[in-house]
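In this chain, residues are counted from 1 in sequence order.
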Amino acid sequence: MPEKNPISFCNVLFVGNIVAFLVLLAIYGKHWHISNIKQLSGKHWLGLSATAILSVALAPSLTFMALSQTTVNNVVLIGRIETPLILALSVILLGERVNRWVVTGAAVSFLGVILTILLQQPAGDMGEMGMGFTVGTGELMALKGAVALAISTIISKVTLKQIPLGIFSIFRTAVGTAVFAAIVVQMYGVDHFITVFSPLLWQWMLFYGGVIVVGGQLLWFNGLKKAGASDVSMATSFSPIAGILAAYFLLGELPTTAHYIGGSLILAGIAINQIGLRQKTAPIQVQTKEMDLEAGFKGV
């Protein structure tokens, strides 16, 4: 009987999160001070739990399973539906005001995601490669994963503003990992994690969890502190480009015509969204300059 491959999506997610938790605990453990904990209400803990389940357990699981069912390019482009979903939920649930450019950009990006799905040919029409797809399990999983992340973001906006970063990151990672492990054991049994102590697995997960997961989070949160909304939006615009390039150079996946059409619309939507964001921030910048000038004249 051949030895089971330890690099499975369940092992990667479980062990990678354990490594990330230990690194986060070493960095932010001091935030778990009794005074900080007492400041959190039941609403905060409920929001933390919901965010942990959605963003650490559910969304990554769906994304990993989607990657096992369809191509990286499909998952990357379909995942871009997260941005217009966040915008729509922010307007509907949080009452945020946006201009026409932002709405138009979100609509164009959403159209790009839909065309990415609909324009591809079934696998039987693609010759021996079979790299095209109809709307199947992998694509639906990618959509569900993006929806889970969008909902998690909205919950974070509503309930998690006053929670210290250390408590937020450590609790989210710990609870999300525990929930994921419980679901896997319930569905497949404890034997599903039989190779979880493989040295090869831990060797890779020390890099993945400690550098990619934790390093990515630290850079992202530090960037959020120093960058404006338009800068953050522009930075996230490069994720589909980076994903497609990585799929090409590392996995040899060639984009299809549907990828080019859908991806072009997604990028066009992002560009339109940038125009809207800059128009939204321009009046604030002008007002700030006028106030500075007025203060300068008064000081003369």
Side-chain angles (χ1 to χ4, degrees), residues 6-33 36-37 40 44-45 47-67 72 75-76 79 82 145-146 148-150 152-153 155-157 159-184 193 195-227 231-232 235-236 238-240 242-243 246 250:
I7 312 295
S8 65
F9 98 84
C10 287
N11 285 351
V12 167
L13 191 55
F14 180 62
V15 177
N17 281 344
I18 289 178
V19 173
F21 168 77
L22 294 175
V23 175
L24 288 170
L25 190 63
I27 297 174
Y28 291 120
K30 60 184 179 181
H31 287 191
W32 281 79
H33 192 274
N36 288 336
I37 296 175
L40 303 182
H44 288 133
W45 290 113
L48 273 170
S49 300
T51 303
I53 294 171
L54 288 170
S55 63
V56 179
L58 186 58
S61 299
L62 290 168
T63 301
F64 271 91
M65 288 188 287
L67 288 170
V72 173
V75 175
V76 168
E82 177 190 353
L149 286 176
S152 173
T153 300
I155 294 175
S156 300
K157 285 185 177 182
T159 63
L160 308 180
K161 293 180 180 179
Q162 299 176 345
I163 299 178
L165 177 59
I167 293 179
F168 170 75
S169 58
I170 292 174
F171 183 89
R172 185 184 69 164
T173 304
V175 172
T177 303
V179 170
F180 169 76
I183 293 174
V184 172
F193 286 123
T195 56
V196 77
F197 295 107
S198 167
L200 176 64
L201 173 66
W202 281 87
Q203 175 184 343
W204 282 104
M205 290 307 99
L206 287 174
F207 173 77
Y208 171 75
V211 178
I212 296 178
V213 177
V214 175
Q217 285 188 19
L218 294 180
L219 290 172
W220 176 252
F221 286 124
N222 285 329
L224 288 178
K225 291 179 181 179
K226 300 177 181 179
D231 297 321
V232 173
T236 59
F238 292 98
S239 61
L250 299 180

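Distance alone, capped at 3.5 Å, is enough to place a donor-acceptor pair between the Thr177 side chain and the Thr173 backbone. Looking only at distances, a side-chain donor or acceptor of Asn17 sits under 3.5 Å from a matching main-chain atom of Leu13.
Within the 4.5 Å cutoff, side-chain heavy atoms of Phe180 are placed close to those of Cys10. Side chains of Leu40 and Ile163 form a contact here, defined as non-hydrogen atoms less than 4.5 Å apart. By the 4.5 Å heavy-atom criterion applied to side chains, Trp45 and Ile37 are counted as neighbours. Side-chain contact between Thr51 and Phe168 is present, with heavy atoms from C-beta onward closer than 4.5 Å. Leu165 has its side chain within reach of Tyr28: a pair of non-hydrogen atoms, C-beta onward, lies under 4.5 Å apart. Side-chain contact between Pro6 and Phe197: absent, with no pair of heavy atoms (C-beta onward) separated by less than 4.5 Å. Counting heavy atoms from C-beta on, the side chains of Thr63 and Leu149 never come closer than 4.5 Å. Under the 4.5 Å side-chain criterion, counting only non-hydrogen atoms from C-beta, Val56 is not in contact with Val175.
Between Phe193 and Phe14, the ring planes are tilted. Angles from 30° to 60° get that label.
Pairing each heavy atom of Val213 with each of Ala20, the nearest pair is CG1-CB, 3.8 Å. Considering every non-hydrogen atom in both Ser61 and Phe9, the closest pair reads O-CE1, 4.1 Å. Taking every heavy atom of both residues into account, Val12 and Ile7 meet most closely at CG2-CG2, 4.0 Å. Among all heavy-atom pairs drawn from Leu58 and Ala148, the shortest one is CD2-CB, 4.1 Å. Counting all heavy atoms, side chain and backbone alike, Gly79 lies closest to Ala146 at O-CB, 3.9 Å. Here the closest heavy-atom approach between residue Gly210 and residue Val19 is recorded as N-CG1, 3.6 Å.
Scored by the ring pair (Phe, Tyr, Trp, His ring centres under 6.0 Å) test, Trp202 finds no partners at all (sequence neighbours excluded). With sequence neighbours excluded, no residue forms a side-chain hydrogen bond (donor to acceptor under 3.5 Å, both in side chains) with His31. In terms of the ring pair (Phe, Tyr, Trp, His ring centres under 6.0 Å) criterion, Tyr208 has no residue partners (sequence neighbours excluded).
With rounding to the nearest 0.5 Å, the separation of CD1 in Ile155 from CG in Leu48 is 10.5 Å. Between the CG atom in Leu22 and the CD1 atom in Ile170 there is a gap of 10.0 Å [rounded to 0.5 Å]. Taking CG of Leu200 as the start and CE of Met205 as the end, the distance is 9.0 Å to the nearest 0.5 Å.
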Is there a side-chain contact (heavy atoms from CB on, under 4.5 Å) between Asn11 and Thr195 once you walk through the steps?
-> CA-CA 8 Å; Asn11 285 351; Thr195 56; 2.9 Å; yes

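Within 6.0 Å of CZ on Phe207 lie no more than 12 heavy atoms contributed by other residues, nucleotides or ligands.
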